[in-house]
There are 2 protein chains.
Amino acid sequence: MTANSQIPPPPWQRLPDRQARRRREPISQEAIVSAAVRLLDREGLAALSMRRLAEELGTGAASLYWHVGSKDGLLDLVLDQVIGEGQVPDPDPARWREQLKDVARAQRRASLRHPYIVRISIGRIPMGPNALRYSERVLAILRAGGLPPRLAVQGYLLLIATVNGFTIDETGVTDGAPAGTGDSAGPDSAGPGDPASAQDAANMARDYIASLPRDLFPTMTGLADEFAFADADERFEMLIDIFVDGLARRAAANAAT
Amino acid sequence: MTANSQIPPPPWQRLPDRQARRRREPISQEAIVSAAVRLLDREGLAALSMRRLAEELGTGAASLYWHVGSKDGLLDLVLDQVIGEGQVPDPDPARWREQLKDVARAQRRASLRHPYIVRISIGRIPMGPNALRYSERVLAILRAGGLPPRLAVQGYLLLIATVNGFTIDETGVTDGAPAGTGDSAGPDSAGPGDPASAQDAANMARDYIASLPRDLFPTMTGLADEFAFADADERFEMLIDIFVDGLARRAAANAAT
DNA sequence: GCCCATGATAGAACACTGTTCGACAAGCGA
DNA sequence: TCGCTTGTCGAACAGTGTTCTATCATGGGC
């Protein structure tokens, strides 16, 4: 808090061999969280170990514990950081249903951009600063739409759970790294969870179901072709249509009572 | 390879208790799966390790691999076994919405009876014999209700995902064992995920939210009391009401088209 | 200008995990 | 009786999260 901290040091004065050790970043909590997110984005949830992360930061595993307490604490911070990426529009009462769908779509996109996040969020109640700001803005939309208090809060919580239930399936076939063994193979080279391999899996399911004995599985064999329908975007639109429609109906019924 | 191996050991020298070991069950795949389910029910997901399970069966960890291939393979079998507990009624076209809700309620009850199952099911497409029989019967209900093929299949899959999204929150606060450290403390002694501690957590959330600055969080502070509403049964009924209503609406719209 | 408390860094170790390897034993057909 | 298949399992490997402890650097007080 002295005046010294305001004065930037001259660029030629490199103080001791700090550079060698701390060359990347002075290993603050934020630096650790950012590095963790980068590592997770790059190599997936299974690749995140304390040793690996420390190596990434040019330090030792035990040092991280001074800043984040435990791996669980680190994941709490990672979750809040990713939630902080989300943008929620100002409420427009006439368009609350479409705005709510947009929120759901944005949540799904975030879960696809960081496929590990939905698994991290299991068993974690997001209460970090970013999560609070996010909730405030979504709830403002629902209240502006005229939903009564209970339905607004429960509708918000249930929507999150519903979207998570969907994206778990979408991102969860394996927990592998995105595409390849670590080289820069590009983000679209047939990793697990991408549309192409999802379609392959759906085709395999269809063929298997179609091959079942018709007398034991009359309904399923008749519906086999539908199991090949794996357009995730359309499936998701179907889900939030069903949910928001049902929610609006219940809101109308509540208002009438 | 010496002659020593030919000499029978004296009868009083009982080398490991072969009899005592294999008396339970001759360690078949089914015996392993049953023991795994028992262990999971008793001590939770975190307690299931191959060594621990082998000990439970009076054998060595490596032996299990002969029957189940890997821990992942074992979990596949556990999932199918639990799905096999479910009972689905014969279709009654006039009551398809109520029947579908019953299916959802039964799935939730199974997830509460085996709190680990929803976490196991992540990233696993249930295609075992029991899962197939189960799907056949649920789809029969939806088809009897008049839903077109696509809406029947997608409605079924989305319902499962929705219920999973809900029960993940319900069972997922921690992954601890049910009640106590292993002694017979009874199944209702304030483990994580039971109604009492859920209500406590909800009260804490309400108090925290109510304490936030009103100018930054006008909506949330006004809704703080609603965050104390943690009646899981009622929340679940709300969810399946919303979902089934929305599904029925979409079915009616489809039929009109 | 020195000196020590304090913030920060890590090496080493602990108790685990899933999995594999290879040696071993029992049952059985030839 | 031989050989072979089926099954068992102790030991080891590479990895995990976490803790203990020793060490270092630095800033404030004397």
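Quick note on labels: first sequence line is chain A, next is B, and so on, each numbered from 1. This structure is a prediction, so every number in the text was calculated from the model and none was measured.
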Using a heavy-atom cut-off of 4.0 Å across all strands, would you classify B/Leu53 as base, sugar-phosphate, or nothing?
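No contact at all - B/Leu53 keeps every heavy atom at 4.0 Å or more from the nucleic acid.
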
How would you label the contact of B/Ser63 with the nucleic acid (heavy atoms, under 4.0 Å): base, sugar-phosphate, or nothing?
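Base: the residue B/Ser63, judged by heavy atoms under 4.0 Å, touches a nucleobase.
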
If I take atom [atom1] in residue [X] and atom [atom2] in nucleotide [N], what distance separates them, rounded to the nearest angstrom?
X	N	atom1	atom2	value
A/Arg52	D/dA14	CZ	P	18 Å
A/Leu64	D/dT18	CG	P	11 Å
A/Glu55	C/dT9	CD	C1'	17 Å
B/Tyr65	C/dT20	OH	C1'	9 Å
A/Met50	D/dT19	CE	C1'	12 Å
B/Leu57	D/dG7	CG	P	16 Å
B/Trp66	D/dT5	CH2	P	11 Å
A/Arg51	C/dA13	CZ	C1'	10 Å

So that I can compare with my own list, what are the stems of DNA chain D, taken as at least three consecutive Watson-Crick or G-U pairs with distances under 3.5 Å?
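Stems for DNA chain D, defined as runs of 3 or more consecutive pairs: C:1-30 with D:1-30.
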
When you measure from the side-chain N and O atoms of B/His67 to the phosphate of D/dT8, is any distance below 4.0 Å, counting only OP1 and OP2?
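Checking D/dT8 against B/His67, a side-chain N or O does come within under 4.0 Å of OP1 or OP2.
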
Can you list the residues that meet the side chain to side chain donor-acceptor pair (under 3.5 Å) rule with B/Ser63, with sequence neighbours excluded?
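Testing B/Ser63 for side chain to side chain donor-acceptor pair (under 3.5 Å), a comparison that skips the adjacent residues, returns B/Thr59.
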
For DNA chain D, the residues among residues 69-78 of chain A that have a non-hydrogen atom under 4.0 Å from it
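Heavy-atom contacts with DNA chain D come from A/Ser70, A/Lys71.
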
Atom of [X], atom of [Y] and distance for their closest heavy-atom approach:
X	Y	value
A/Ser49	A/Lys71	CA-NZ, 4.5 Å
A/Leu57	A/Ala31	CD2-O, 4.2 Å
A/Leu157	B/Arg235	CD1-NH1, 3.9 Å

Rounded to the nearest 0.5 Å, how far does [atom2] of [Y] lie from [atom1] of [X]?
X	Y	atom1	atom2	value
A/Asp80	A/Ser121	CG	OG	12.5 Å
B/His114	B/Ile83	NE2	CD1	11.0 Å
A/Leu74	A/Leu79	CG	CG	11.0 Å

Does the Lys NZ or Arg CZ of A/Arg108 fall within the cation-pi geometry relative to A/Phe166 - under 6.0 Å from the ring centre and within 45° of the axis?
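Geometry flag: not set, cation outside 6.0 Å or 45°.
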
Most 5' of A/Ser49 and B/Ala62 on DNA chain D, judged by nearest nucleotide:
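Looking at the nearest nucleotide for each, B/Ala62 comes out on the 5' side.
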
Does A/Glu85 come within less than 4.0 Å of A/Arg113, counting only side-chain N to carboxylate O?
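A salt bridge is present here (some side-chain N lies under 4.0 Å from a carboxylate O).
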
